[in-house]
Amino acid sequence: MFSPCSLIIIDTIFTDIGRYILMLYPQTNRCRTVLEQSGFWEMKIDRKDIGIEKGWQKGFKADAFIGVPGSWNEQLSELGLMNYIGKIWYQRPFTIPTILKHKKLLIRFGSVDFYAKVWINGELVGENKGGYLPFEFDITSFVNVDQENILVLCVDNTLSYETIPQGVTEDDFQNFHKQREATYPPTIFDFIAYGGIHRPVKIIALHENHLENISIKTEIQDKIGKINFEADFVNNGSSARVVVTLLDGAQQIAQLPLTLDKSTLCGEFSIENCHFWSPEHPHLYIVKFELFEKDNLVDEYQLETGVREIEVKDIELLLNGKPIFLRGFGKHEDFPVLDKGLCYPLVIKDFQLLKWIGANSFRTSHYPYAEEVLQMADKMGFLVMDECPAVSLNFKYANEKTLANHQSCLTELIRRDRNHPSVICWSIANEPGIWGEEEAISEKAEKYWAVIYKHVKKLDSSRPITLPASAKWGDDDLSYKFSDFISINRYWGWYEIPGDLEKVGVVLKSELQRLFEKYQRPIMVTEFGADTIEGQHSTTPQLFTEEYQILLIEKYFEVIESLPFTVGEHIWNFADFRTAQHHRRVILNKKGVFNRQREPKSAAFIVRKHWLNKKKKAVV
Ligand code: GCB
């Protein structure tokens with residue numbers, strides 16, 4: 001049972017300059033207007049970091065046009081931006097309709113990777129550090145209503161030891177005696193640190209007094225579903241009236257008239273014969289908030305959410321009290337030309353392919369995906385492992401600031417995604433210590449993970465935590481200790497023991513048994529796979545052929561599904577994706593079951609047959 005207002009609402013944070021966090025996804029309704037800023041913007045390359053000095057914040061003579069949302073890399077490779085790391089300036093004029101004159105105006109960026117500084121009409125509005133997550137600024141006092149305004153951004157995709165994810169330099173490869181591992185551009189992970197405005201930019205016009213935040217927790221008691229909500233308001237007037245309505249489609253189920261004295265209020269709905277959310281029945285309810293001043297409606301917001309419970313119990317992962325087995329993939333937000341830019345048809349295509357192949361889940365490897373992806377996962381019934389961008393953390397370089405950035409990244413991730421029924425766990429990092437630095441299993445690292453684990457539990461105790469680990473540190477990897485269920489990424493049959501799939505089966509099985517023996521927690525294999533060139537064939541097992549990918553995947557399925565304590569199998573990867581240049585990659589990481597254009601390789605048909613057959617383990 002929830003006690004009233006027991007949920008954790010994270011206060012509005014003004015971390016970076018001018019920052020205003022209103023994490024609710026923008027919506028247009030009777031009280032709110034969203035002005036979408038996607039389209040062609042102008043851009044200028046700032047290789048020498050002279051933009052500010054030259055006054056570009058007031059507007060600049062552009063080098064070219066750039067499509068937003070989208071990365072600059074492939075889109076503008078002809079300007080030399082394919083591997084560019086540094087600053088790029090963006091600008092766009094905008095006008096606010098006169099009808100919105102007395103509204104509060106916010107600007108919200110879905111994500112800008114990895115740093116953004118924003119000016120309007122030459123005045124600094126704010127800055128944001130960190131990628132893959134939204135940020136907002138109050139721009140009311142910066143905008144001239146009735147006149148054209150100029151919005152300017154300086155975007156930088158440089159990473160450092162302190163950012164999440166961390167960045168590396170060419171020298172680091174030397175210092176680690178890993179010159180053969182060096183990539184171009186230098187990266188600590190196996191994908192591209194694409195730069196740009198990757199998700200939609202929206203200007204939101206709303207009443208000065210408004211709803212700022214909602215946190216939903218759900219609970220199941222037999223056939224009754226409970227929706228417990230806590231809502232934060234900006235309320236500068238005296239006491240106001242709030243009506244919270246629960247809807248099932250168009251049908252009103254319950255209504256709570258409440259009085260808002262302070263800035264927070266909470267309440268609970270009990271639904272008899274509740275339709276619980278699950279992959280087979282992704283039923284969503286709507287919780288609608290209406291804020292009244294006297295009799296005037298000044299703000300409203302509709303939140304779609306589902307009633308479900310997720311729990312790790314003994315050797316199982318339980319959804320609504322029943323065991324689930326996760327079938328699916330690690331993915332990437334990556335597609336030709338767009339690179340990381342949000343593309344609605346691509347989101348739909350990927351979900352259609354996931355359904356077609358019989359998957360029920362995916363991991364947002366290795367960073368938070370667009371909010372629109374999670375909205376679709378809610379609607380289509382996919383179980384999401386939601387990952388923080390702390391990929392390949394190197395503990396030789398991690399310091400207090402890295403830890404603080406990691407924590408605030410998780411805070412923002414949880415605040416953004418906590419109301420999605422599809423999100424079933426927090427993946428707090430991926431493969432720390434993969435560089436082999438001794439510090440990865442040191443006391444310093446242990447303390448680091450203890451802080452992170454506690455931080456996440458404090459913000460959301462309703463979802464399990466996991467931390468996908470590489471094979472680097474064997475059974476002693478600290479990740480296991482800080483996982484409610486264990487996640488392992490394994491490349492037996494590829495990087496290690498290439499070619500000998502019989503041996504792979506034996507090694508994998510005994511490792512899984514050992515890990516279970518030691519930690520007594522359910523285990524999920526979050527990555528396994530083989531680079532595969534479509535059209536390459538062989539009658540004998542041969543790396544890179546379509547047949548080898550099939551044989552390897554089948555071997556992993558056989559082992560994983562034979563053990564009682566395993567809770568999932570995610571193939572690496574859903575689709576081929578671009579990665580930094582290295583001799584072991586022919587432009588792309590080719591471990592996709594689909595190619596980068598989303599055409600199936602032979603393995604896709606085999607996986608489909610297997611997963612649609614719903615084997616012993618395939619419970620959901
Ligand atoms: C891993 C990483 C993933 C890589 C993959 C590979 O362990 O988690 O980011 O892309 O291996 O293909 O090497």
Side-chain angles (χ1 to χ4, degrees), residues 131-132 159 164-168 178 180-183 185-194 328-334 339-340 362-369 385-394 427-437 440 466-474 477 479-480 483 486-498 504 508 511 523-533 543-544 548-549 552-553 556 568-596 601 603:
Y132 309 120
L159 294 170
I164 297 292
Q166 285 173 311
V168 279
K178 283 184 181 281
R180 286 203 175 179
E181 301 292 313
T183 60
T187 49
I188 203 167
F189 39 73
D190 184 25
F191 58 93
I192 305 233
Y194 290 122
F329 301 90
K331 289 184 89 244
H332 264 295
E333 287 185 320
D334 181 82
D339 294 336
K340 204 170 279 305
F362 61 91
R363 177 167 60 118
T364 72
S365 40
H366 293 305
Y367 37 80
Y369 290 1
M385 301 177 72
D386 205 354
E387 192 156 288
C388 166
V391 42
S392 316
L393 266 184
N394 185 325
S427 172
I428 54 177
N430 179 72
E431 298 189 349
I434 187 74
W435 279 55
E437 74 285 2
T466 195
L467 203 180
S470 73
K472 196 91 196 176
W473 295 104
D477 198 307
S479 311
Y480 306 135
S483 292
I486 285 175
S487 291
I488 63 169
N489 298 342
R490 289 301 181 267
Y491 288 93
W492 313 124
W494 190 253
Y495 299 122
E496 298 99 5
I497 332 178
V504 164
L508 178 67
E511 182 185 31
I523 307 179
M524 148 119 200
V525 184
T526 26
E527 285 184 27
F528 57 98
D531 284 84
T532 306
I533 298 163
L543 269 68
F544 292 104
Y548 190 78
Q549 185 180 34
L552 182 137
I553 289 173
Y556 273 76
E569 54 199 18
H570 275 181
I571 300 168
W572 189 258
N573 188 284
F574 172 72
D576 295 348
F577 59 93
R578 192 180 267 278
T579 187
Q581 293 179 55
H582 189 265
H583 55 78
R584 72 184 170 155
R585 300 275 184 258
V586 184
I587 304 176
L588 307 176
N589 180 316
K590 295 283 297 170
K591 296 194 185 70
V593 161
F594 298 94
N595 67 13
R596 200 174 182 220
K601 298 181 190 172

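Reckoned from all heavy atoms, side chains included, excluding hydrogens, waters and symmetry mates. Each ligand, and each atom within it, is numbered from 1 in the order the structure gives.
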Participant: Name all residues meeting the side-chain contact (heavy atoms from CB on, under 4.5 Å) criterion together with Ala471; count only those two or more places apart in sequence or in a different chain, and write none if there are none.
Facilitator: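 Checked Ala471 against side-chain contact (heavy atoms from CB on, under 4.5 Å); matches are Arg490, Trp492.
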Participant: Calculate, to the nearest 0.5 Å, the distance between atoms SG and CG belonging to Cys388 and Leu393 respectively.
Facilitator: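 That separation rounds to 8.5 Å.
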Participant: Decide, yes or no, whether a salt bridge links Lys472 with Asp477 under the criterion of side-chain N to carboxylate O below 4.0 Å.
Facilitator: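 Result for this pair is no, no salt bridge flagged.
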Participant: Who are the ring pair (Phe, Tyr, Trp, His ring centres under 6.0 Å) partners of Tyr480, not counting sequence neighbours?
Facilitator: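 Partners of Tyr480 by the ring pair (Phe, Tyr, Trp, His ring centres under 6.0 Å) criterion, ordered by chain and then number, come out as Tyr519.
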Participant: Can you list every protein residue that has a heavy atom under 4.0 Å from any atom of ligand 1, sorted by chain and residue number?
Facilitator: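 Within 4.0 Å of ligand 1, protein side: Asp190, His366, Asn430, Glu431, Asn489, Tyr491, Tyr495, Glu527, Trp572, Phe577, Arg585, Asn589, Lys591.
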Participant: Roughly how far apart are His582 NE2 and Thr183 OG1, rounded to 0.5 Å?
Facilitator: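 Spacing of NE2 (His582) from OG1 (Thr183) equals 7.5 Å.
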Participant: With sequence neighbours left out, write down each residue that passes side-chain contact (heavy atoms from CB on, under 4.5 Å) with Ala603, or none if nothing qualifies.
Facilitator: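 Counting only residues at least two positions away or on another chain, Ala603 forms a side-chain contact (heavy atoms from CB on, under 4.5 Å) with Gln549, Ile550, Ile553.
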